[in-house]
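The chain is numbered in sequence order, starting from 1.
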Amino acid sequence: MNDTYKIERQTLCAIYDKHRKKYRGNSDTEQMCCMWSTSNPPDTILDTQPIYDIEDAFNINMDEDLAIKIYDMDLDEAIKKIMELKGNQK
């Protein structure tokens with residue numbers, strides 16, 4: 001694992017921890033979906049605070065399709081996708 005990956009993962013973990021704690025019933029499985037209510041998930045993922053925080057932290061823009069993909073990933077998959085997106089949006 002390179003240093004950039006570690007730093008980016010730490011950033012995403014902080015966002016994950018912040019939002020997962022709002023839903024204490026969600027387990028800590030490192031599944032991105034745990035940042036939202038799993039018993040009453042939002043109708044759209046894109047216009048939610050976790051996505052806004054990810055976009056701000058990584059200086060990226062997502063569409064609804066990507067937000068849904070991120071929602072279905074674990075932290076490691078998500079950080080790889082985010083890093084890929086950052087490279088593509090330069």
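Residues I79 and L12 approach most closely at N-CD2, 3.9 Å, considering heavy atoms. The two residues T44 and E64 come nearest to each other via the heavy atoms CA-OE2, 3.6 Å. Heavy atoms only, all atoms of each residue included: C34 and T29 are closest at SG-OG1, 3.7 Å. In terms of heavy atoms, Y5 sits closest to D76 at OH-OD1, 2.6 Å. Between K69 and M73, the closest heavy-atom pair is O-CG, 3.0 Å. For the pair T38 and C33, the tightest heavy-atom approach, listed with the atom from each and the gap, is CG2-O, 3.9 Å.
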What donor-acceptor contacts under 3.5 angstrom involve side-chain atoms of residues 54-62, with partners at least two apart or in another chain?
residue	atom	partner	partner atom	Å
E55	OE2	M62	N	2.8

Give the intermediate values and the outcome of side chain to side chain contact (heavy atoms under 4.5 Å, CB included) for residues M83 and T4.
CA-CA 9 Å; M83 291 176 71; T4 301; 4.0 Å; yes
Would K18 and D53 count as a side chain to side chain contact (heavy atoms under 4.5 Å, CB included) if you check the C-alpha gap in whole Å, the side-chain angles of each, and the deciding distance to 0.1 Å?
CA-CA 10 Å; K18 171 186 167 183; D53 289 352; 2.9 Å; yes
Are M32 and D74 close enough, and set up right, to give a side chain to side chain contact (heavy atoms under 4.5 Å, CB included), and what steps lead you there?
CA-CA 5 Å; M32 295 293 287; D74 66 26; 6.0 Å; no
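K21 meets the salt bridge (charged side-chain N to carboxylate O under 4.0 Å, His left out) test with no other residue; sequence neighbours excluded.
Taking hydrophobic clusters as Ile, Leu, Val, Met, Phe, Trp and Tyr residues chained together by side-chain heavy-atom distances below 4.5 Å, Y52 does not share a cluster with M35.
The side-chain heavy atoms of L66 and K81, taken from C-beta on, include a pair separated by under 4.5 Å.
A donor-acceptor pair under 3.5 Å is formed between the side chain of T11 and the backbone N or O of I7.
Applying the ring-ring contact (aromatic ring centres under 6.0 Å, His included) definition to pairs two or more places apart or across chains, those involving residues 13-49 are W36-Y71.
D65 contributes atom CG, which lies 12.0 Å from atom CD1 of I45 (distance to the nearest 0.5 angstrom). Residue I82 holds its CD1 atom at 4.5 Å from CD1 of I70, rounded to the nearest 0.5 Å. Going from atom CG of D43 over to atom CG of N40 covers 8.5 Å, rounded to the nearest 0.5 Å.
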